[in-house]
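Following: one structure in structure tokens, then a few remarks.
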Amino acid sequence: MSTATLSIRRIGRVRPLAMLPPSFRRRVLFALTACLVLAAGYQFWLRDSSFVAVEKVTVSGLTTKDANRVRAALTSAAHDMTTLHVKREELEQAIVAYPVVRALEVSPDFPHGLRIHVVEHRPAALVGGLPVAGDGTILRGLPVEGRLPTIPARGNLHGTRLKDPISLHAALVAGGAPAALRSRLEQVEMRGEDGLVVGVRDGPELIFGDATRVHAKWLAAARVLADPDAAGATYIDVRLPGRPAAGGLPAETLAPVAPAGAALMAPPTAAAPTGTAVDPATEPLAPASPDPAQQSAPESAAAPAPTSAQPAPAPADTTAAGGASPPPG
């Protein structure tokens, strides 16, 4: 590209600005300069100045026995901030020793106030006698109210979180239970091929399998439990939440199902109930039922009796053989 072409392009870019009146250009430059000065003043002076320093801290939402210490830690950290520069990471670091805190909701109250609402973990189960949240956080010192399901302790319980994967998944299932069912849960355990199984007091067992789609599985379990037709079930399988199944119902409510091949060896039984589909390929062949009128008749009537209309056999012709006919009697 030639030098002349570059010069033409540069002139074309500068020309619109050069065409503005001098007074307007001065105003634009003054406004830009003022914006830069204000931005620099806010960034490096105002937002950290004492004019907006935090002087009053309000902490709410604490219910545990460590409430006073958590409140003191948050208040101390907040006094080093301003309402224009709240350092959330420093607030969270100040309470890292208290796992009962799940989240902080911080809202500045300009010019000198700061409101902090503490969201605490809710105990979902007991592991080794310790309350545990749904995400596996061990809530040491958190008061337990009401009944909580138990989870068999696996491995050590040191630290702030469960380390065993099975215990973590069981806590996740317990933590997702609807409020109406929480007080009825008794235990969550791993049981062979069924996977995670939840025991319900005065109710059926809930087979979850794994800890995926926990919310959908709890919704499916709640729908089946509310269905009057499922009364008396011993278990509810929600491993496929779109197709939950209730099992162990009384025998009179279910059509019996024979194992494969048993129908070919068993004697003929009564006809299937009305509405039951029968596969002709697997249905055993049985002799036709006799007519009830024939069953009530005596056995002698089963064979037809000879009638008088039946012709008698003709006498043998002996003339052809040269013999004399017998004398008349």
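- Rounding to the nearest 0.5 Å places CG of L74 at 5.0 Å from CD1 of I95.
- For the pair V144 and P131, the tightest heavy-atom approach, listed with the atom from each and the gap, is CG2-CB, 3.8 Å.
- P241 approaches P244 most closely through the heavy-atom pair O-CD, 3.4 Å.
- Note on V224 and V200: same hydrophobic cluster, where clusters join Ile, Leu, Val, Met, Phe, Trp and Tyr whose side-chain heavy atoms are under 4.5 Å apart, directly or indirectly.
- Distance CD1/I236 to CZ/R223: 11.0 Å, rounded to 0.5 Å.
- The two residues A174 and V188 have their closest heavy-atom pair at CB-CG2, 4.2 Å.
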Can you check side chain to side chain contact (heavy atoms under 4.5 Å, CB included) on V57 and I116, steps first, answer last? CA-CA 7 Å; V57 182; I116 304 175; 4.1 Å; yes
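- No more than 12 heavy atoms of other residues, nucleotides or ligands shown are found within 6.0 angstrom of CZ on R27.
- Taken together through direct or relayed side-chain contacts under 4.5 Å among Ile, Leu, Val, Met, Phe, Trp and Tyr, V54 and V86 form part of one hydrophobic cluster.
- Checking T234 against E205 by side-chain atom types alone, no donor-acceptor pair falls below 3.5 Å.
- With contacts defined as side-chain heavy-atom distances shorter than 4.5 Å, the pair H169/V173 does not qualify.
- A distance of 4.5 Å separates CE of M81 from CD of E90, quoted to the nearest 0.5 Å.
- Under the 4.5 Å side-chain heavy-atom criterion for grouping Ile, Leu, Val, Met, Phe, Trp and Tyr, L219 is not connected to I207 through any hydrophobic cluster.
- The closest side-chain heavy-atom distance from V52 to F110 is below 4.5 Å.
- Under a cut-off of 6.0 angstrom, the local environment of CD in Q93 is sparse, with at most 12 non-hydrogen atoms contributed by other residues, nucleotides or ligands.
- Minimum interatomic distance between A233 and A246 (heavy atoms only, all atoms of both residues): CB-CB, 4.0 Å.
- The local environment of NZ in K163 is crowded, with over 12 non-hydrogen atoms from other residues, nucleotides or ligands closer than 6.0 Å.
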Does the side chain to side chain contact (heavy atoms under 4.5 Å, CB included) test come out yes or no for R154 and M190, once each step is laid out? CA-CA 11 Å; R154 298 172 179 267; M190 180 65 70; 4.0 Å; yes
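- In summary, E189 and R191 engage in a salt bridge, as defined by a charged side-chain N under 4.0 Å from a carboxylate O.
- Between the side chain of R140 and the backbone N or O of G159, at least one donor-acceptor pair lies under 3.5 Å.
- The shortest distance between side-chain heavy atoms of E120 and V101 does not fall below 4.5 Å.
- Counting heavy atoms from C-beta on, the side chains of K56 and T58 come closer than 4.5 Å.
- Separating the CD1 atom in I138 from the OG atom in S167 is a distance of 9.5 Å, to the nearest 0.5 Å.
- In the displayed structure, R213 atom CZ is contacted under 6.0 Å by at most 12 heavy atoms of other residues, nucleotides or ligands.
- Taking the side chain as every heavy atom from C-beta outward, L162 and V127 approach each other to under 4.5 Å.
- No donor-acceptor pair closer than 3.5 Å links the side chain of R182 to the backbone N or O of G146.
- The line from OG of S49 to NE2 of H85 is 12.5 Å long, rounded to the nearest 0.5 Å.
- Between K217 and D210, at least one side-chain nitrogen of the basic residue sits less than 4.0 Å from a carboxylate oxygen of the acidic one, meeting the salt-bridge criterion.
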T83/L114 under side chain to side chain contact (heavy atoms under 4.5 Å, CB included): CA gap, chis, key distance, verdict: CA-CA 7 Å; T83 55; L114 187 66; 5.5 Å; no
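- Connection of V100 to L130 is not established within any shared hydrophobic cluster, with ILVMFWY side chains joined at heavy-atom distances below 4.5 Å, either directly or through further cluster members.
- D135 and T137 form a side-chain donor-acceptor contact under 3.5 Å, judged by distance and modelled atom types alone.
- Under a 3.5 Å cut-off, the side chain of S76 and the backbone N or O of A72 do not form any donor-acceptor pair.
- Heavy-atom minimum distance, V214 versus F208: O-CE2, 4.3 Å.
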Run the numbers on V119 and L104 for side chain to side chain contact (heavy atoms under 4.5 Å, CB included), then give the verdict. CA-CA 6 Å; V119 180; L104 296 176; over 6 Å; no
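- With a 4.5 Å cut-off on side-chain heavy atoms, L181 and L225 count as touching.
- Across all their heavy atoms, P123 and L142 have their closest contact at CG-CD2, 3.2 Å.
- The side-chain heavy atoms of W218 and L206, taken from C-beta on, include a pair separated by under 4.5 Å.
- With a 4.5 Å cut-off on side-chain heavy atoms, R239 and D194 count as touching.
- A distance-only check finds no donor-acceptor pair linking the side chain of R147 to the backbone of L185 [under 3.5 Å].
- Remark: T64 OG1 to H121 NE2 distance equals 12.0 Å, nearest 0.5 Å.
- Linking ILVMFWY side-chain heavy atoms closer than 4.5 Å, directly or via other members, places L126 and I151 in two distinct hydrophobic clusters.
- In the displayed structure, E145 atom CD is contacted under 6.0 Å by at most 12 heavy atoms of other residues, nucleotides or ligands.
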